[in-house]
Protein chains: 2
Amino acid sequence: MPVVGLTIAEAAETLGLTSDTLRYYEKDGLLLRPVSRTSSGHRRYDEDDVRWIVLVTRLRATGMPIRDVRRYADLVRAGDGNELQRLELLQAHREQVLQQLAEVTSHLGAIDHKIGIYEDRLRRLEISA
Amino acid sequence: MPVVGLTIAEAAETLGLTSDTLRYYEKDGLLLRPVSRTSSGHRRYDEDDVRWIVLVTRLRATGMPIRDVRRYADLVRAGDGNELQRLELLQAHREQVLQQLAEVTSHLGAIDHKIGIYEDRLRRLEISA
DNA sequence: GTCACCCCTGAAGTGCGCTCCAGGTCAACC
DNA sequence: GGTTGACCTGGAGCGCACTTCAGGGGTGAC
């Protein structure tokens, strides 16, 4: 029996997640298929598993809700023929992310301005001290 | 008795929040002082209140946790003498936001790449159809 | 063979940030 | 003076995304 793939702890380490999160994602339908198991029932993550979960973490890290990641996984799992739906889902997400980036950037500008004011005030206090 | 300031509903409308959220922020110590009241106990938001809450929404919209907003409000409420602490809090937040922006942007790049692949695939299907 | 360690499951718990609810007050309008 | 509607309070409830727990294997090192 060849040793193939990563244990859950190794996969978690590789992906920057916890083992608990990996089990949770699997149970919640975010993976394309159940992760394969050793004879004793322990999970083994192969390259495809890891590649897919990297995508999942990217979607999550850009703010896609779990339920949308699951919808995307459902589409991919369904196989060929729904590429347009997948594309639309990703494009909609992209628009959301861009809007979010613009909003955060603009708010950050205002906060930066406030930081500048404090810096000035403190510089002046320093000089007059 | 002059009519001064906005009702909670008006303030909520102006700020893009709900009345419930405004009450919650006040109860949770995010405001600099209790909002003033009419003789019948209804809140009235003046310009200073609104200005402060705009800042709160900016901090929140850039991902600052409620508890940190409260810490910042505590510092401002304490008055002069802690400008350095306020500055440090804002600067730390700024760094977090920049890091977050960079991370999201990078993940978005990978997602864009995937979108490009689907677009190509669909274009080819269209042509061959 | 026993100890330590990693893994398994289903289910309950947690932290965050609101959001909703019940029951009540008040002012204005018909 | 009755009804409407905006507001009040304390407290419960909710959705999300995990995280922890209880109870139970399997396996390799000594």
Side-chain angles (χ1 to χ4, degrees), chain A residues 1-31 34-46 49 53 55-73 93 96 100 104 107, chain B residues 1-31 34-46 49 53 55-73 93 96 100 104 107:
Chain A
M1 209 196 307
V3 176
V4 170
L6 307 176
T7 65
I8 193 168
E10 289 163 349
E13 171 72 19
T14 302
L15 290 158
L17 302 171
T18 66
S19 303
D20 285 319
T21 301
L22 283 175
R23 289 191 204 99
Y24 163 65
Y25 281 179
E26 184 175 345
K27 183 156 50 167
D28 231 47
L30 270 58
L31 306 194
V35 175
S36 65
R37 306 287 183 122
T38 64
S39 58
S40 59
H42 290 196
R43 289 174 179 80
R44 280 298 122 91
Y45 292 79
D46 66 22
D49 294 326
I53 301 168
L55 175 57
V56 170
T57 61
R58 286 199 167 122
L59 295 174
R60 293 288 305 118
T62 50
M64 184 183 284
I66 292 280
R67 109 187 65 88
D68 291 359
V69 178
R70 183 168 45 234
R71 285 211 309 122
Y72 185 67
H93 179 58
Q96 282 251 326
Q100 179 73 5
V104 169
H107 286 312
Chain B
M1 209 193 311
V3 176
V4 171
L6 306 176
T7 65
I8 193 167
E10 290 163 348
E13 171 73 17
T14 302
L15 290 158
L17 301 172
T18 67
S19 302
D20 281 322
T21 301
L22 283 175
R23 289 192 203 96
Y24 164 66
Y25 281 180
E26 184 174 346
K27 184 156 50 165
D28 230 48
L30 270 57
L31 306 193
V35 175
S36 66
R37 305 289 181 120
T38 65
S39 59
S40 59
H42 290 198
R43 290 174 178 80
R44 281 295 123 91
Y45 292 80
D46 66 22
D49 293 326
I53 300 168
L55 175 58
V56 170
T57 62
R58 287 198 165 123
L59 295 174
R60 292 289 304 119
T62 49
M64 184 183 284
I66 292 279
R67 113 186 62 88
D68 290 0
V69 178
R70 183 167 45 234
R71 286 213 309 122
Y72 184 67
H93 179 57
Q96 283 251 326
Q100 180 72 4
V104 169
H107 285 312

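Please read these numbers as outputs of a predicted model, since none were measured by experiment. First the proteins, then the strands, lettered A, B, ... as listed; each starts at 1.
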Exercise for review: Work out which heavy atom in B:Arg44 is nearest to a heavy atom in B:Thr38; give both atom names and the distance.
Suggested key: NH1-CG2, 3.3 Å
**Study point:** Spacing of A:Leu22 atom CG relative to D:dT19 atom C1', expressed in whole Å
**Key:** 13 Å
Review point. Atom OH of B:Tyr45 and atom C1' of D:dA6: how far apart are they, to the nearest Å?
Key: 14 Å
Check your understanding: Whole Å only: how far is the CG atom of A:Asp68 from the C1' atom of D:dG15?
Key -> 14 Å
Check your understanding: Picking from B:Leu59, B:Val56, B:Asp28, what satisfies side-chain contact (heavy atoms from CB on, under 4.5 Å) with B:Ile66?
Key -> B:Asp28
Point to revise | Full working for side-chain contact (heavy atoms from CB on, under 4.5 Å) between B:His42 and B:Thr7 | key: CA-CA 8 Å; B:His42 290 198; B:Thr7 65; over 6 Å; no
For nucleotides 7-14 of chain D, list the nitrogen or oxygen atoms of the protein found under 3.5 Å from its nitrogen or oxygen atoms, one pair per line.
{"residue": "D:dC7", "atom": "OP1", "partner": "B:Thr7", "partner atom": "OG1", "Å": "3.2"}
{"residue": "D:dC8", "atom": "OP1", "partner": "B:Arg43", "partner atom": "N", "Å": "2.8"}
{"residue": "D:dC8", "atom": "OP1", "partner": "B:Arg43", "partner atom": "NH1", "Å": "2.9"}
{"residue": "D:dC8", "atom": "OP2", "partner": "B:Arg23", "partner atom": "NE", "Å": "2.9"}
{"residue": "D:dC8", "atom": "OP2", "partner": "B:Arg23", "partner atom": "NH2", "Å": "3.1"}
{"residue": "D:dC8", "atom": "OP2", "partner": "B:Arg43", "partner atom": "NH1", "Å": "3.4"}
{"residue": "D:dC8", "atom": "O3'", "partner": "B:Arg37", "partner atom": "NH1", "Å": "3.3"}
{"residue": "D:dT9", "atom": "OP1", "partner": "B:Arg37", "partner atom": "NH1", "Å": "3.3"}
{"residue": "D:dT9", "atom": "OP1", "partner": "B:Arg37", "partner atom": "NH2", "Å": "2.9"}
{"residue": "D:dT9", "atom": "OP2", "partner": "B:Arg43", "partner atom": "NH1", "Å": "3.1"}
{"residue": "D:dT9", "atom": "OP2", "partner": "B:Arg43", "partner atom": "NH2", "Å": "2.9"}

Study note, to complete from the structure: Closest non-hydrogen atoms of B:Ala73 and B:Gly29, given as atom of the first, atom of the second and distance, are CB-O, 3.8 Å
Check your understanding: Does some side-chain heavy atom of B:Glu26 sit less than 4.5 Å from a side-chain heavy atom of B:Arg23?
Key -> no
Practice item. Return the value, rounded to whole Å, for the distance between atom CD of A:Glu26 and atom C1' of C:dG10. Key: 14 Å
Practice item. Would you name the heavy atoms of B:Tyr45 and B:Val35 that are closest together and state the gap between them? Key: CE2-CG2, 3.5 Å
Review point. Rounded to whole angstroms, how far apart are CG on A:Leu6 and P on C:dC7?
Key: 11 Å
Check your understanding: Do the non-hydrogen side-chain atoms of B:Tyr25 and B:Leu17 ever get within less than 4.5 Å of each other?
Key -> yes
Review point. If you measure only the distance, is there a donor-acceptor pair under 3.5 Å linking the side chains of A:Thr62 and A:His93?
Key: yes
Could you list, one pair per line, each protein nitrogen or oxygen that sits under 3.5 Å from a nitrogen or oxygen of nucleotides 16-20 of chain C, together with the distance?
{"residue": "C:dC16", "atom": "OP1", "partner": "B:Arg67", "partner atom": "NH2", "Å": "3.0"}
{"residue": "C:dG17", "atom": "OP1", "partner": "B:Ile66", "partner atom": "N", "Å": "3.4"}
{"residue": "C:dG17", "atom": "OP2", "partner": "B:Ile66", "partner atom": "N", "Å": "3.4"}
{"residue": "C:dC18", "atom": "OP2", "partner": "B:Tyr25", "partner atom": "OH", "Å": "3.1"}
{"residue": "C:dC18", "atom": "OP2", "partner": "B:Arg60", "partner atom": "NE", "Å": "3.0"}
{"residue": "C:dC18", "atom": "OP2", "partner": "B:Arg60", "partner atom": "NH2", "Å": "3.0"}
{"residue": "C:dT19", "atom": "OP2", "partner": "B:Thr21", "partner atom": "OG1", "Å": "3.4"}

